[in-house]
Amino acid sequence: VMEDNIINGETTGCKIRDNVFLMEGSKIENTTLENTVVFSNSEIRDSEIRGTIVDSNCEIEDTDLNEALIGEHTSL
C-alpha cells in the first residue's frame, strides 16, 4: 500500500485522497480520486473514482466508478 500520492499528471479542482497515482500526460478536472491509478493521456472530468485503474487514452466524464478496470481507449 502506498503511503503517499504520486501526481505526475495535471489536476484542476480535484479532491485527491489516499493512494492515487497519476501518470504523466493525464488530465483530471473537478474529480474526486481515491485508491486509483490513471495511466498516461487519459482525461477525467466531473467524476468520482475509487479503487479503479484507468488505462491509457481514456475519456471519462460525469461518471461514478468504484473498483473498476477501464481498458485503453474507453470513453464514458
Side-chain angles (χ1 to χ4, degrees):
V1 175
M2 295 185 324
E3 294 181 11
D4 294 319
N5 296 319
I6 301 172
I7 310 299
N8 293 321
E10 179 183 326
T11 62
T12 305
C14 295
K15 293 180 185 174
I16 307 293
R17 300 210 168 120
D18 295 333
N19 304 317
V20 173
F21 179 39
L22 304 179
M23 292 188 184
E24 190 172 337
S26 59
K27 295 180 183 179
I28 317 298
E29 297 177 5
N30 304 319
T31 294
T32 299
L33 298 167
E34 182 176 13
N35 299 321
T36 294
V37 176
V38 179
F39 283 80
S40 60
N41 301 316
S42 287
E43 296 184 16
I44 302 174
R45 289 185 281 308
D46 305 317
S47 299
E48 295 204 17
I49 314 291
R50 292 180 176 84
T52 295
I53 298 173
V54 178
D55 206 346
S56 300
N57 303 301
C58 293
E59 293 182 12
I60 298 172
E61 187 169 359
D62 195 30
T63 303
D64 186 0
L65 296 173
N66 190 20
E67 298 185 19
L69 297 173
I70 306 301
E72 188 172 19
H73 298 286
T74 298
S75 294
L76 298 174

Original post:
Looking at residues at least two apart in the chain, or sitting in another chain, which of them share a salt bridge (charged side-chain N to carboxylate O under 4.0 Å, His left out) with Arg50?
Top reply: Glu34, Glu48

Original post:
Atom CG of Asp62 and atom CD1 of Ile44: how far apart are they, to the nearest 0.5 Å?
Top reply: 13.0 Å

Report, one line per pair, each donor and acceptor closer than 3.5 Å where one atom sits in a side chain of residues 23-31; sequence neighbours left out.
from	atom 1	to	atom 2	distance (Å)
Ser26	OG	Met23	O	2.7
Thr31	OG1	Glu29	O	2.8
Thr31	OG1	Asp46	N	3.3
Thr31	OG1	Ser47	N	3.2

**OP:** Starting at CD of Glu59, measure out to OG of Ser42 and round the result to the nearest 0.5 Å.
**Re:** 9.0 Å

Original post:
Between Asn8 and Phe21, is a side-chain contact (heavy atoms from CB on, under 4.5 Å) present by the stated rule, with each step listed?
Top reply: CA-CA 8 Å; Asn8 293 321; Phe21 179 39; 3.8 Å; yes

Original post:
Taking atom CG of Asn57 and atom CD of Glu72, what is their separation to the nearest 0.5 Å?
Top reply: 5.5 Å

Subject >> Nearest heavy atoms of Asn5 and Ile16, plus distance in Å >> reply: ND2-CG2, 3.5 Å

**OP:** Could you point out which residue of Val38, Thr52, Thr63 forms a side chain to side chain contact (heavy atoms under 4.5 Å, CB included) with Ile70?
**Re:** Thr52

**OP:** Report the C-alpha separation of Asp55 and Thr74 in whole Å, then their side-chain angles, then the decisive distance to 0.1 Å, and conclude whether the side-chain contact (heavy atoms from CB on, under 4.5 Å) test is met.
**Re:** CA-CA 8 Å; Asp55 206 346; Thr74 298; over 6 Å; no

Subject >> Residue pair Leu69, Ile53: steps toward the side-chain contact (heavy atoms from CB on, under 4.5 Å) verdict >> reply: CA-CA 5 Å; Leu69 297 173; Ile53 298 173; 3.9 Å; yes

**OP:** Looking only at non-hydrogen atoms, find the nearest pair between Leu22 and Thr11 and report the distance.
**Re:** CD1-CG2, 3.5 Å

Original post:
Can you tell me how far CG of Asp64 sits from CD1 of Ile49, rounded to the nearest 0.5 angstrom?
Top reply: 7.5 Å

Subject >> Interatomic distance, Asn19 atom CG to Asn35 atom CG [nearest 0.5 angstrom] >> reply: 4.5 Å

